[in-house]
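Everything on this sheet refers to the single structure shown next.
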Amino acid sequence: MSLSFYSYPKCGTCRKAKKWLEDNNADFNEIHIVENPPSKEELKSLYEKSGMPLKKFFNTSGKKYRELGLKDKVNSASDEELLEILSSDGMLIKRPIATDGSKVTVGFKEETFEETWK
């Protein structure tokens with residue numbers, strides 16, 4: 001099973017997650033989330049498979065998120081609007097995102113990776 005691993009090379013959390021995948025001999029394809037962000041359709045699919053609220057897909061600590069004043073918007077906008085915003089800029093997406101096509105993890109918590117990808 002090969003994972004699609006959306007990450008940003010300068011992100012410390014992404015580097016930790018990548019190291020975990022390598023240390024656990026996971027087969028993965030790394031995708032630069034800013035140069036090749038997931039499309040609106042891909043994001044929708046990831047969101048639906050994750051079982052998480054869509055606002056969990058936002059990189060809330062990012063500069064872009066603050067600049068665009070998205071804090072209030074994520075609570076009131078429709079899923080369609082939020083997917084449109086997310087797909088407009090890879091820097092707005094929380095990372096890393098890992099998926100095998102049926103399961104999805106967003107961000108990196110070692111326990112979650114242990115449960116999901118081992």
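Side-chain atoms are counted along with the backbone in the values below, which use heavy atoms only and exclude waters and symmetry mates.
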| Distance in Å, K16 NZ paired with S7 OG, rounded so as to fall on 0.5 Å steps | 14.5 Å
| query | Does the side chain of S78 come within less than 4.5 Å of L83's, by heavy atoms? | reply | no
| How many angstroms lie between atom NZ of K94 and atom CD1 of I33, to the nearest 0.5 angstrom? | 11.0 Å
Give the table of side-chain donor-acceptor pairs shorter than 3.5 Å for residues 47-60, with sequence neighbours excluded, one pair per line with atom names and distance.
| from | atom 1 | to | atom 2 | distance (Å) |
| --- | --- | --- | --- | --- |
| Y47 | OH | D79 | OD2 | 2.9 |
| K49 | NZ | S45 | OG | 3.2 |
| K49 | NZ | G101 | O | 2.9 |
| S50 | OG | Y47 | O | 2.8 |
| S50 | OG | M52 | N | 3.0 |
| K55 | NZ | N75 | OD1 | 3.1 |
| N59 | OD1 | S61 | OG | 3.2 |
| N59 | OD1 | G62 | N | 3.4 |
| N59 | ND2 | M91 | O | 3.3 |

| request: For residues W117 and T105, determine if any side-chain heavy atom of one lies less than 4.5 Å from a side-chain heavy atom of the other. | output: yes
| task | Would you kindly confirm whether Y8 and L3 end up in one hydrophobic cluster when ILVMFWY residues are joined by side chain heavy atoms under 4.5 Å apart? | result | no
| message | Within the structure provided, determine whether K73 and L68 are in side-chain contact (heavy-atom separation under 4.5 Å). | response | no
| Closest approach of A77 to L82 (non-hydrogen atoms, all atoms of both residues) | CB-CD2, 3.7 Å
| request: Taking all non-hydrogen atoms of both residues into account, name the closest pair between P96 and A17 and its distance. | output: CG-CB, 3.6 Å
| query | Atom NZ in K109, atom CH2 in W20: separation rounded to 0.5 Å? | reply | 15.0 Å
| remark: d(Y65 OH, I93 CD1) to nearest 0.5 Å is 14.0 Å
| request: Run through I97, T99, L46, V104 and flag the one making a side-chain contact (heavy atoms from CB on, under 4.5 Å) with S4. | output: T99
| Gap between atom SG of C11 and atom CZ of F108 - 0.5 Å precision | 11.0 Å
| query | Can you name the one residue among R95, K18, R15 that meets salt bridge (charged side-chain N to carboxylate O under 4.0 Å, His left out) with E30? | reply | K18
| request: Looking only at non-hydrogen atoms, find the nearest pair between G107 and F113 and report the distance. | output: O-CE1, 3.6 Å
| field | From CD (E22) to NZ (K19), nearest 0.5 Å | value | 8.0 Å
| said: Looking at S87 and E84, would you say the former's side chain and the latter's main chain have a donor-acceptor pair under 3.5 Å? | reply: yes
| query | If you group Ile, Leu, Val, Met, Phe, Trp and Tyr by side-chain heavy-atom gaps below 4.5 Å, do F5 and V34 land in one group? | reply | no
| said: With a sphere of 6.0 Å drawn around NZ of K44, does it hold more than 12 non-hydrogen atoms of other residues, nucleotides or ligands? | reply: no
